[in-house]
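Contents: one structure, followed by commentary.
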There are 2 protein chains.
Amino acid sequence: MAKAVGEQMGVVTALVRSTFLVNTVYAEAAREYGLTQQQGQLLCVLMAHPYGMGELGEVLRLAKSSLSGLVDRTARLGLVRRESDPSDNRAVRVGLTPEGSRLADEFYAETCRRIEQLPSGLDDTERDTLAELLARVVRDNEVPPVFMVLNEQG
Amino acid sequence: MAKAVGEQMGVVTALVRSTFLVNTVYAEAAREYGLTQQQGQLLCVLMAHPYGMGELGEVLRLAKSSLSGLVDRTARLGLVRRESDPSDNRAVRVGLTPEGSRLADEFYAETCRRIEQLPSGLDDTERDTLAELLARVVRDNEVPPVFMVLNEQG
DNA sequence: TGGATTAGTTCGTGGCCCGAACCAGGTGGC
DNA sequence: GCCACCTGGTTCGGGCCACGAACTAATCCA
């Protein structure tokens with residue numbers, strides 16, 4: 001508001017456009033691994049550890065019927081598997097297959113590589129600042145762990 | 001890398017998660033106006049001025065067949081209209097109908113309101129910094145004008 | 001034991017995205 | 001003028017995605 005003109009991009013527009021950018025990069029990377037964006041996201045969530053359908057739905061913010069389908073399709077690719085929960089015969093634990101785990105690692109690494117390059121016009125200090133500010137926004141808004149933090153892996 | 005532990009979120013994770021966040025907010029806002037995320041995005045692009053199908057495809061990064069369908073469905077809602085280009089009988093200009101324009105204004109304003117609140121944990125200086133850094137990332141990566149900059153409107 | 005709750009699946013509908021095939025209007029070479 | 005070529009868009013078929021409603025089966029609890 002303080003800045004003079006239409007030259008300056010507000011925080012809202014910056015957020016929306018950077019979102020568009022990351023979406024595009026993410027979807028493109030997924031595609032090159034034979035995945036959809038949603039399947040890639042599923043793999044990245046499951047890298048941390050297996051999840052029940054319930055939790056998974058909360059993390060991905062999907063209705064249970066939507067998630068059921070996503071897991072079906074990803075399982076059909078052999079990347080993910082439903083295991084029965086011994087302590088509750090209704091429940092199911094969704095986890096990566098060995099092949100899914102391998103693919104997830106690759107996809108995750110490649111995606112990181114590409115997204116890492118997006119702020120290549122910033123110097124180290126600026127990147128740190130950006131990371132810290134965005135991280136606070138993410139934390140304040142309780143965004144679920146849709147993308148691993150390094151060293152978080154089980 | 002300097003920071004000690006898995007406490008710190010890297011710029012990549014911060015970008016991916018904030019993207020997830022904005023996606024969610026955007027889609028939710030759209031839904032409340034009877035729109036899909038893509039339809040909302042289309043309206044927001046067209047707020048600036050009408051577009052030909054070709055340019056529009058580049059801006060939204062959609063294959064022409066995808067765009068054709070999106071415009072169809074949005075036109076069926078009465079929000080958008082195909083006008084023939086007098087200088088080229090093959091070409092088409094897609095623009096907002098009066099109703100579409102009204103809805104676009106409302107949706108745009110509401111979306112801004114919501115996204116504006118995401119960084120409410122930051123003080124004014126921090127918000128400016130975030131805006132400036134993200135804006136540079138957006139510019140460096142030549143993100144098309146998928147969301148208006150204020151005062152850019154025709 | 002039997003009713004409520006919980007975890008997931010199935011089904012139907014509609015939107016989204018793509019590539020391939022197609023069509024009509026323009027354009028350039030001859 | 002004509003024909004080959006290009007270009008702007010649409011159509012079509014297929015698969016993914018998201019949702020709510022209805023359903024099934026296991027668990028919980030009074």
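Owing to the predicted nature of the structure, the values given are computational and were not obtained by experimental measurement.
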Compare every heavy atom of [Y] with every heavy atom of [X], then report the nearest pair and how far apart it is.
X: B:Arg17; Y: A:Met148; value: NH2-C, 3.9 Å
X: B:Glu142; Y: B:Arg61; value: O-NH2, 3.9 Å
X: B:Val146; Y: B:Val59; value: CG1-O, 3.7 Å
X: B:Val94; Y: B:Val71; value: CG1-CG1, 4.2 Å

Quick one: do [X] and [Y] make a salt bridge, cutoff under 4.0 Å?
X: A:Arg113; Y: A:Glu110; result: yes
X: A:Arg93; Y: A:Glu55; result: yes
X: B:Arg102; Y: B:Glu106; result: no
X: B:Arg81; Y: B:Glu83; result: yes
X: A:Glu58; Y: A:Lys64; result: no

request  = For residues B:Phe107 and B:Tyr26, establish whether the separation of their ring centroids is below 6.0 Å.
outcome  = yes
task = Answer yes or no: does a side-chain N or O of B:Asn89 lie under 4.0 Å from OP1 or OP2 of C:dA24?
result = no
ask   = Between C:dT9 and A:Ser68, is there an OP1 or OP2 to side-chain N/O distance shorter than 4.0 Å?
value = yes
key: Upstream residue (5' side of DNA chain C) when B:Arg61 and A:Ser66 are each assigned their closest nucleotide   = A:Ser66
Along DNA chain C (nearest heavy atom to each residue), the more 5'-positioned of B:Thr74 and A:Leu67 = A:Leu67
Whole angstroms only, please: what is the [atom1]-[atom2] distance between [X] and [N]?
X: B:Gln39; N: C:dG15; atom1: CD; atom2: P; value: 8 Å
X: B:Asp85; N: C:dG25; atom1: CG; atom2: P; value: 14 Å
X: A:Tyr51; N: C:dA7; atom1: OH; atom2: C1'; value: 18 Å
X: B:Leu42; N: C:dG15; atom1: CG; atom2: C1'; value: 14 Å
X: A:Glu83; N: C:dG8; atom1: CD; atom2: C1'; value: 16 Å
X: B:Met53; N: C:dG25; atom1: CE; atom2: P; value: 18 Å
X: B:Gln37; N: C:dC17; atom1: CD; atom2: P; value: 9 Å

key: Outermost nucleotides of DNA chain D that come under 4.0 Å of a non-hydrogen atom of chain A   = D:dC16 to D:dT27
inquiry  = Tell me which residues in residues 19-36 of chain A lie within less than 4.0 Å of DNA chain D, going by non-hydrogen atoms.
reply    = A:Thr36
Which is true for [X] with a 4.0 Å heavy-atom rule: it touches a base, it touches only sugar-phosphate, or it touches nothing?
X: A:Leu62; answer: sugar-phosphate
X: B:Gly54; answer: sugar-phosphate
X: B:Arg93; answer: nothing

ask   = Does any N or O donor sit under 3.5 Å from an N or O acceptor when you compare the side chain of B:Ser65 with the base of C:dG19?
value = yes
request  = Identify which nucleotide among C:dC17, C:dA7, C:dG26 has an atom closest to any side-chain atom of B:Asp88, counting heavy atoms from C-beta outward.
outcome  = C:dG26
